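The structure appears right after this line, and notes come after that.
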Amino acid sequence: MAMSWLKRCVSEVSLIYAYTIANTQAALEYRSAFIVQVVAMLANDSLWLFFWWNYFQQFPLVNGWQGSDIVILWAVSACGFGISVAIFGNARQISALVMNGGLDAYLGMPRYALIHVCIAATDPTAWGDIIFAIGAYLLLVRPDIGHIGLFILLVLLVSLIYTAFMVLLNSLAFFLGNTEGMAQQLFGALISFSTYPMDIFNGFVRVLLFTVLPAGFISFVPLQLLRHFSWSLLGILISAVAIFILAAAGLFEAGLRRYESGNLMGSQM
């Protein structure tokens with residue numbers, strides 16, 4: 001049983017890797033456009049980081065936060081987002097696929113439909129986020145080998161949160177109709193809150209940022225782990241990632257049953 005599960009995981013990872021390579025090669029066919037998009041995103045991220053960096057040059061310590069903390073915050077968030085969009089870039093199209101019947105093309109495939117849907121496309125601008133994040137973290141924070149390894153682990157976990165949250169939002173289309181606009185707005189809110197110091201939020205808002213909008217697990221928890229590593233805190237982050245993934249997969253599967261039933265009814269009529 002365990003070996004069968006392990007083989008399936010290896011098979012799915014191989015599929016994701018193959019799709020990522022193929023999607024990136026397809027994007028590189030239009031090399032000039034690819035480079036322009038990457039450079040534009042790199043410049044956009046750098047501009048925002050410059051704003052915060054300049055702010056902390058004027059006010060070196062704000063409520064316990066320093067300039068290096070903002071660099072780490074932006075690096076983890078941007079890199080996690082970049083990996084998510086580069087590998088699972090089609091997750092934000094689930095709502096549109098539900099509404100126009102585009103999921104039919106994935107349901108007949110032998111692999112897990114949700115993974116196939118998510119990895120079917122990429123966003124070239126994601127590489128700008130990844131390059132920015134890695135460059136900022138290495139050049140401005142200057143971490144040791146241990147922290148670099150931890151950074152890689154954390155951004156992978158963050159990318160899974162981003163992806164699961166997008167799947168959750170778009171899977172609501174199975175039940176509520178076209179939720180593409182709402183999903184984009186809420187996902188944009190998640191990105192925004194993930195790039196602000198968590199200590200400026202208190203009370204009910206802070207609770208929301210660890211539940212409804214999981215910005216705290218994207219920014220605050222990784223920052224704490226890179227500051228002062230704790231196995232218990234890492235366990236909490238991994239548990240949160242697992243919960244969001246299971247919730248996203250569960251909601252998609254529940255919606256897929258409705259989607260399939262609708263198709264069958266349509267065929268019968």
Side-chain angles (χ1 to χ4, degrees), residues 4-5 7-31 33-34 37-38 80-127 129-130 156 159-188 190 241 244-269:
S4 176
W5 182 83
K7 287 181 179 179
R8 183 175 178 180
C9 288
V10 171
S11 177
E12 296 295 347
V13 170
S14 299
L15 178 68
I16 293 170
Y17 175 77
Y19 260 87
T20 302
I21 296 299
N23 288 333
T24 303
Q25 289 175 340
L28 284 171
E29 288 185 6
Y30 303 94
R31 191 157 308 219
F34 179 86
Q37 292 178 75
V38 170
F81 172 79
I83 293 172
S84 173
V85 177
I87 299 177
F88 305 103
N90 208 44
R92 46 189 171 177
Q93 298 300 322
I94 291 176
S95 177
L97 291 172
V98 170
M99 298 306 298
N100 62 28
L103 284 179
D104 294 346
Y106 301 94
L107 296 180
M109 295 180 177
R111 301 295 185 90
Y112 183 40
L114 178 57
I115 291 180
H116 254 297
V117 172
C118 292
I119 63 178
T122 186
D123 185 345
T125 62
W127 294 102
D129 288 310
I130 295 172
L156 291 175
S159 71
L160 293 176
I161 294 179
Y162 272 126
T163 304
F165 188 69
M166 181 53 73
V167 171
L168 275 168
L169 293 176
N170 280 275
S171 293
L172 292 174
F174 287 112
F175 309 94
L176 304 178
N178 191 356
T179 59
E180 189 173 3
M182 180 189 72
Q184 290 178 355
Q185 291 179 353
L186 288 176
F187 195 72
L190 174 64
V241 172
F244 277 101
I245 290 175
L246 291 173
L251 185 62
F252 180 83
E253 288 294 326
L256 203 57
R257 287 192 287 272
R258 289 174 58 97
Y259 179 83
E260 291 175 334
S261 297
N263 285 351
L264 289 172
M265 289 176 62
S267 300
Q268 290 170 356
M269 291 174 64

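Computed from a predicted model, the values in this text were never measured in an experiment.
- With a 6.0 Å radius and a threshold of 12 heavy atoms from other residues, nucleotides or ligands, Phe175 has its CZ atom above the threshold.
- Between atom CD1 of residue Ile87 and atom CD1 of residue Ile115 there is a gap of 12.0 Å, rounded to the nearest 0.5 Å.
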Identify every side-chain donor-acceptor pair in residues 160-167 under 3.5 Å, counting partners at least two apart or on other chains, and give the distances.
{"residue": "Tyr162", "atom": "OH", "partner": "Ser77", "partner atom": "OG", "Å": "2.8"}
{"residue": "Thr163", "atom": "OG1", "partner": "Ser84", "partner atom": "OG", "Å": "2.7"}
{"residue": "Thr163", "atom": "OG1", "partner": "Ser159", "partner atom": "O", "Å": "2.8"}

Could you go step by step and tell me if Glu253 and Tyr112 meet the side chain to side chain contact (heavy atoms under 4.5 Å, CB included) rule? CA-CA 11 Å; Glu253 288 294 326; Tyr112 183 40; 2.9 Å; yes
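- Closest heavy-atom contact between Asn90 and Ala120: ND2-CB, 3.7 Å.
- The two residues Met99 and Gly177 make their nearest non-hydrogen contact at SD-C, 3.6 Å.
- Shown here for Pro124 and Phe34, the closest heavy-atom pair between the two residues is CB-CD1, 3.5 Å.
- Within the 4.5 Å cutoff, the side chain of Leu186 has no heavy atoms near those of the Leu190 side chain.
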Start with the C-alpha gap between Phe252 and Asn170, add the side-chain angles, then the distance that decides, and say whether side chain to side chain contact (heavy atoms under 4.5 Å, CB included) holds. CA-CA 9 Å; Phe252 180 83; Asn170 280 275; over 6 Å; no
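- Between the OG1 atom of Thr179 and the CG atom of Leu168 there is a distance of 11.0 Å, given to the nearest 0.5 Å.
- Taken from CG in Leu172 to CD in Glu180, the straight-line distance is 13.0 Å, to the nearest 0.5 Å.
- Atom CG of Asn100 is separated from atom CD of Gln93 by 9.5 Å, given to the nearest 0.5 angstrom.
- For the atom pair Gln185 CD and Leu169 CG, the distance stands at 11.0 Å (nearest 0.5 Å).
- Legend: side chain to side chain donor-acceptor pair (under 3.5 Å) pairs involving residues 19-29, not counting sequence neighbours, sorted by first then second residue: Tyr19-His116.
- The two residues Leu107 and Ala113 come nearest to each other via the heavy atoms CD2-CB, 4.2 Å.
- Taking each heavy atom of Asp129 and Gly82 in turn, the nearest pair found is CB-CA, 4.0 Å.
- Between the CG atom of Leu251 and the CG atom of Leu256 there is a distance of 11.0 Å, given to the nearest 0.5 Å.
- Considering only residues two or more places apart in sequence or on other chains, Tyr106 meets the ring-ring contact (aromatic ring centres under 6.0 Å, His included) condition with none of them.
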